[in-house]
Amino acid sequence: MSVPTELNDPAERAELIAAARELVPLLRSHAAETEQRGNLTPEVDAALRAEGFYTLTAPRRFGGREAGVRTVIDVFAELARGCGSSAWVGKIYCGSAFMASLFDDEARHDIWGTDAHAAVSAALKSAGSNSVRSVPGGIRVSGEWRYASGIHQAQWVLLRVLVDAGSTPEPDARLVLVPACDVEVKDSWDVAGMEGTGSDSVVVGDVFVPEYRTMAARRLRGSRQRWQEGERVYLARVQSWLRVSLAGPIIGMAQGALEHVLETLSDGKPITSSTYTDAVRSPSVQLGIAEAASLIDTARLHAYRAAADIETASIEGRRLDVAARARIRMDNGVVMQRCREAMELLLDIGGTAGFRRSNPLQRFWRDLATGSRHAGVSTSLGREIYGRALLGIKEQVTGSV
């Protein structure tokens, strides 16, 4: 069997990007309503689901595309030009589908066997004291978990649990798949940005989860099981994959803000308190636009380098070492920082008009400022981890570099 040079054929990636581009006007027209609702509108949900964007990373034999991280970055960067929250939810579904694809076929069939477009949300952070205990044939789960982005449209939710915590020296950390109809959604997402993601908490009340729908959390470090089946994409270390994939919506929001400012400038907007009757004639505006575009390009190039590292390792059937993973984490921090810097320049050019509630620029700003500070993409922590790796310090500040 020949070994491919890319996880996704460039023509397939181009097809998916084109399909995403077609949906940008729809997402843009629903962005304000999505924010007001606190989750995706039915029209946006239906469109993203029908195009298969929720399950890009699912196995091909279950209706997915087995999309590599580069494809995911490009697709959701395109969608985020229309609505950051909608793109974020779709990307989270893809990340959750990636993790769900590491389960055995019986579990994968439960998710996608009868519905190839089924969406999987994830809540990996416990919100308090939970009860997860072993029982014959599986486990019983009770408790509350936070930040389940897209839970309102999901059919399944992936939880991280500690089985029989307190009864053994080392609790058994596992991922479990629970039907969304078996959980209660708790309204807890009250933030200044990414309001439309519906990242509420989930409450589980003594739900039985069969053994085959549980998986050891250590599988997130990379699975060799799927290598034998030819599913090379799932060999990747999941923490690195998930972090880098978040670059897509962030880059897209910055790009969407740039396009909005350019459109505004094309109307011949004057600069208040100056002699410029047309802002595009101002060297400061020209330089600011150029710098913002370059910063977004820099972010995209760093994301592509990190994606290439992950995909090359998957294709070659090897694991990334600590130094490589540290650089990937640094690259992702650079993506976040450069996009925030670009947004600040665009706000300066847009002026106070950009902060009107009716102006999409302020939504891009709030969504990007919030999303780029996700715990998994901390710029300062990324620098620290990369610096320690370069200096040869073996002890790292986190076990999930």
Side-chain angles (χ1 to χ4, degrees), residues 23-41 43-44 76-92 149-150 189-199 246-274 276 279-280 282 284-296 299 335-374 377 379:
L23 292 184
V24 169
L26 173 69
L27 269 61
R28 186 174 290 149
S29 67
H30 283 257
E33 184 181 353
T34 295
E35 185 170 68
Q36 291 163 4
R37 286 171 52 92
N39 62 80
L40 307 191
T41 67
E43 294 84 355
V44 168
F76 289 100
E78 195 66 35
L79 291 170
R81 293 172 47 238
C83 174
S85 286
S86 298
W88 187 272
V89 168
K91 207 301 301 175
I92 293 298
S149 295
W189 186 242
D190 185 16
V191 290
M194 305 296 283
E195 294 180 76
T197 63
S199 302
L246 288 175
I250 298 299
I251 292 169
M253 288 181 234
Q255 184 67 37
L258 172 61
E259 292 169 0
H260 175 76
V261 171
L262 288 172
E263 182 179 350
T264 301
L265 291 172
S266 69
D267 295 335
K269 170 187 172 183
I271 298 180
T272 305
S273 300
S274 79
Y276 288 109
V280 299
S282 166
S284 62
V285 169
Q286 296 162 7
L287 294 172
I289 288 293
E291 180 67 12
S294 182
L295 286 167
I296 297 169
V335 171
M336 304 301 142
Q337 191 64 37
R338 297 295 89 84
C339 286
R340 290 204 292 260
E341 291 167 357
M343 182 63 74
E344 288 300 314
L345 286 169
L346 294 170
L347 289 170
D348 288 345
I349 295 170
T352 55
F355 292 91
R356 291 183 185 134
R357 288 288 184 184
S358 60
N359 194 318
L361 186 59
Q362 52 80 28
R363 187 181 306 110
F364 279 126
W365 166 57
R366 288 184 291 106
D367 286 352
L368 189 149
T370 302
S372 66
R373 288 172 173 84
H374 185 281
V377 294
T379 56

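Just so you know, these numbers come straight off a predicted model, no measurement behind them.
- Using a 4.0 Å cut-off between charged nitrogen and carboxylate oxygen, Glu35 and Arg366 count as a salt-bridge pair.
- Formation of a donor-acceptor pair under 3.5 Å by the Arg28 side chain with backbone atoms of Cys83 is not found in this model.
- Once rounded to the nearest 0.5 Å, the distance linking CG of Asp267 with CG of Leu262 reads 11.5 Å.
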Is there a side-chain contact (heavy atoms from CB on, under 4.5 Å) between Asp367 and Ser85 once you walk through the steps?
CA-CA 7 Å; Asp367 286 352; Ser85 286; 4.0 Å; yes

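- In this structure, Trp88 contributes its side chain and Ser149 its backbone to no donor-acceptor pair below 3.5 Å.
- Within the 3.5 Å criterion, the main-chain N or O of Gly350 finds a donor-acceptor partner in the side chain of Lys269.
- Using a distance-only test at 3.5 Å, with no hydrogens or angles considered, no donor-acceptor pair links the side chain of Arg338 to the main chain of Glu341.
- A heavy-atom distance below 4.5 Å is found between the side chains of Leu368 and Cys339.
- Leu347 has its side chain out of reach of Val261: every pair of non-hydrogen atoms, C-beta onward, lies at least 4.5 Å apart.
- Looking only at distances, a side-chain donor or acceptor of Gln362 sits under 3.5 Å from a matching main-chain atom of Asn359.
- The shortest side-chain heavy-atom distance between Leu346 and Trp365 does not fall under the 4.5 Å cut-off.
- Between Met194 and Arg363 there is no side-chain heavy-atom pair separated by less than 4.5 Å.
- Between Val335 and Ala299, the shortest heavy-atom contact is CG2-O, 3.2 Å.
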